[in-house]
**Q** 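My questions will all concern the structure given below.
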Amino acid sequence: MSAGQLRLCHRDDIPEGTARGFLPLPGAPRNVIVVNRGGRLHGYMDACPHYRGGTPMAWRRDAYLNGEGTHIACHAHGALFEIETGACVSGPCLGRNLTRVPLTEAEDGSISVPAQVAGRAAREG
Amino acid sequence: MRIIGPDYLVFGVDDLEGSKTYLTDFGLKPVQLDETGWLFETLDGTGVIIRPKSDPKLPAPLETKNMLRQQVYGVEDMAALDAIEAEMSKDRRVTRLADGAIEFKDDLGFELRFQVTIRRPLSMPAEKINAPGAPAQRAPNELGVTDDMPALPRSLSHVVLFVPDMDKMVSFFCDRLGFVITDVLTGAGPFLRPAANDDHHTLFFIRTPAYMMGCEHLAFHMGGPTELMVAGDRFVRKGYQSFWGPGRHKFGSNWFWYFNSPLGVHFEYDADMDKHDDTWVAREAPNGPEASQMFLLQWREKWAPGGGPEGGSGKP
């Protein structure tokens with residue numbers, strides 16, 4: 001893992017069609033969500049843009065997708081977001097976007113994010 | 001109009017198994033109604049009915065993706081149902097069902113059902129506290145908390161709706177169904193109580209754009225603040241996501257703790273809400289953090305200070 005990166009997980013921790021949340025640093029107030037769609041991993045802050053500062057979206061640990069698994073869902077007010085783009089397509093924050101987090105995959109399959117994501121998590125908390 | 005309050009809220013869900021687990025862990029008792037429907041009930045029999053969203057037994061969905069399908073209100077007796085039917089029949093279609101209940105839509109298109117209430121009378125003590133200067137509420141040797149103490153929702157308390165047209169909703173519920181405004185959060189909306197209930201509110205509206213119309217949250221009365229904290233703490237430990245709380249609201253004075261849910265609405269534990277009668281004069285305050293709560297706390301892992309400089313049984 002290169003300097004300035006924080007390791008979240010291994011690629012195999014996120015099977016196809018699932019999502020999980022990881023704290024970029026212990027004690028950080030916001031998770032980074034990692035979603036696997038079609039073998040491609042997408043990263044977003046766990047912060048629904050409905051309210052300023054963002055609010056956590058799962059209804060239970062790692063429960064970030066809607067029932068059909070087609071969208072990232074905020075289980076506060078039912079907003080749905082496209083997995084590939086983070087765009088809200090239904091619900092209170094229609095037209096807004098989740099904050100994308102760039103993911104880096106190492107040769108051994110480790111998934112990491114830029115260290116400043118933890119700071120971002122702190123601000124958004 | 002002798003309306004008591006919500007008996008049931010009905011949802012069409014996209015994750016039936018997840019919803020069943022959630023509602024059970026929240027503290028509601030599952031009762032299978034038929035092949036596709038489950039009631040999750042509180043101690044007095046009020047609660048939540050869920051079905052898969054494609055179930056033809058459900059009333060039509062809202063135009064938004066909100067999963068609320070129907071609000072079922074309990075009234076005192078058949079005479080109350082007759083009065084509501086007479087009033088509503090003036091300008092809309094009212095369906096009288098075989099069991100005597102009536103169904104119709106409100107002025108924004110929310111599906112409503114009114115029935116003679118199914119709620120069972122509860123006879124349980126409220127949380128008991130001791131304080132200097134007042135008679136002890138707990139007898140000698142009677143403990144305030146135990147590890148296995150029950151903390152179950154006693155009754156469905158209130159419903160909060162996102163509404164695109166506040167004036168229509170207020171005039172419909174107040175002028176046509178006899179609800180009373182107890183307080184107003186300017187910029188959000190009014191708290192309402194029906195004529196046959198002295199709770200501060202069973203209904204609250206939040207003004208929103210039309211694409212948000214639906215249910216924002218529903219709340220359940222607990223036996224007191226300790227039960228609320230115990231239930232919420234157990235719920236967090238099972239992996240559920242706190243949204244707001246624990247804390248205590250100003251209007252209504254009720255303790256609160258809100259959680260995200262697979263039903264796309266918040267579920268709230270509440271406790272110790274104010275009671276009002278018709279002599280009460282509604283207050284008004286601008287909506288915001290100050291008016292919304294007396295105080296706000298946040299859950300954390302259990303911790304205890306230890307003996308030495310390295311003390312503590314968890315992180316500080």
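Just the heavy atoms: all of them, side chains too, but no hydrogens, waters or symmetry mates, feed the values below. Just so we're on the same page: letters track the sequence lines, and every chain starts at 1.
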**Q** Heavy atoms only, distances under 4.5 angstrom: which of A:Met57, A:Arg61, A:Arg60 has the most pairs with chain B? Name it, please.
**A**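 The option with the most such pairs is A:Arg60.
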**Q** Under 6.0 Å from the CD atom of B:Glu63, do we count more than 12 heavy atoms belonging to anything else shown?
**A**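 12 or below, so no.
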**Q** Is the shortest side-chain heavy-atom distance between B:Lys65 and A:His71 below 4.5 Å?
**A**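 Result no, sub-4.5 Å side-chain heavy-atom pair not found.
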**Q** If every non-hydrogen atom of B:Ser242 is compared with every non-hydrogen atom of A:Pro56, which pair is closest and at what distance?
**A**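 So the minimum-distance heavy-atom pair works out to O-CG, 4.1 Å.
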**Q** Please round to the nearest 0.5 Å and tell me the distance separating atom CG of A:Leu65 and atom CG of B:Asp14.
**A**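 Reported to 0.5 Å precision, the distance equals 10.5 Å.
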**Q** More than 12 heavy atoms of other residues, nucleotides or ligands under 6.0 Å from CZ of A:Arg100: is that the case?
**A**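 For A:Arg100, atom CZ is crowded (more than 12 foreign heavy atoms under 6.0 Å).
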**Q** Can a side-chain donor-acceptor contact be found between B:Gln241 and A:His75 if the only test is distance below 3.5 angstrom?
**A**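 Result is no, nothing qualifies.
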**Q** Is atom CD of B:Glu35 surrounded by more than 12 heavy atoms (other residues, nucleotides or ligands) closer than 6.0 Å?
**A**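 Counting other residues, nucleotides and ligands, CD of B:Glu35 stays at 12 neighbours or fewer.
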**Q** Taking atom NZ as the centre, does B:Lys20 end up with more than 12 heavy-atom neighbours from other residues, nucleotides or ligands that are less than 6.0 angstrom away?
**A**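 Yes, NZ of B:Lys20 has more than 12 neighbouring heavy atoms, counting only those of other groups under 6.0 Å.
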**Q** So, do A:His77 and B:Val265 sit near enough that their side-chain heavy atoms are less than 4.5 Å apart?
**A**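 A:His77 vs B:Val265: side chains apart.
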**Q** Within a radius of less than 6.0 Å around CD of B:Gln298, do more than 12 heavy atoms belonging to other residues, nucleotides or ligands occur?
**A**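 At most 12 heavy atoms, drawn from other residues, nucleotides or ligands, come within 6.0 Å of this atom.
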**Q** Which residues in residues 256-264 of chain B have a heavy atom less than 4.5 Å from any heavy atom of chain A?
**A**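 When heavy atoms of chain A are the reference, residues 256-264 of chain B contributes B:Asn260, B:Ser261, B:Pro262, B:Gly264 within the under-4.5 Å range.
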**Q** Can you tell me which portion of A:Ala76 sits under 4.5 Å from chain B's heavy atoms? Options are side chain, backbone, both or neither.
**A**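 Interface part for A:Ala76: both.
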**Q** Could you check whether the rings of B:Tyr22 and A:Trp59 sit parallel, tilted or perpendicular, using 30° and 60° as the cut-offs?
**A**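 Because their plane-to-plane angle is over 60°, the rings of B:Tyr22 and A:Trp59 count as perpendicular.
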**Q** Sequence neighbours excluded, which residues qualify as salt bridge (Lys or Arg N to Asp or Glu O under 4.0 Å) partners of B:Asp233?
**A**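 Result, salt bridge (Lys or Arg N to Asp or Glu O under 4.0 Å) vs B:Asp233: B:Arg237.
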**Q** To the nearest 0.5 Å, tell me how far A:Cys74 SG sits from B:Phe243 CZ.
**A**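 One finds 7.0 Å between SG of A:Cys74 and CZ of B:Phe243.
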**Q** Give, as side chain, backbone, both or neither, the part of B:Lys53 having an atom under 4.5 angstrom from any heavy atom of chain A.
**A**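 Answer is side chain: those atoms of B:Lys53 sit under 4.5 Å from chain A.
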**Q** So which part of B:Thr21 gets closer than 4.5 Å to some heavy atom of chain A, the side chain, the backbone, both or neither?
**A**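 For B:Thr21, side-chain heavy atoms alone lie under 4.5 Å from chain A.
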**Q** Counting only heavy atoms not in B:Lys57, do more than 12 fall under 6.0 Å of its NZ?
**A**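 Yes, NZ of B:Lys57 has more than 12 neighbouring heavy atoms, counting only those of other groups under 6.0 Å.
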**Q** Just wondering, are more than 12 heavy atoms of other shown residues or ligands nearer than 6.0 Å to CD in B:Glu290?
**A**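 Counting other residues, nucleotides and ligands, CD of B:Glu290 stays at 12 neighbours or fewer.
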**Q** Quick check on B:Phe162 against chain A: is it the side chain, the backbone, both or neither that has a heavy atom closer than 4.5 Å?
**A**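 When you check distances to chain A, only side chain atoms of B:Phe162 fall under 4.5 Å.
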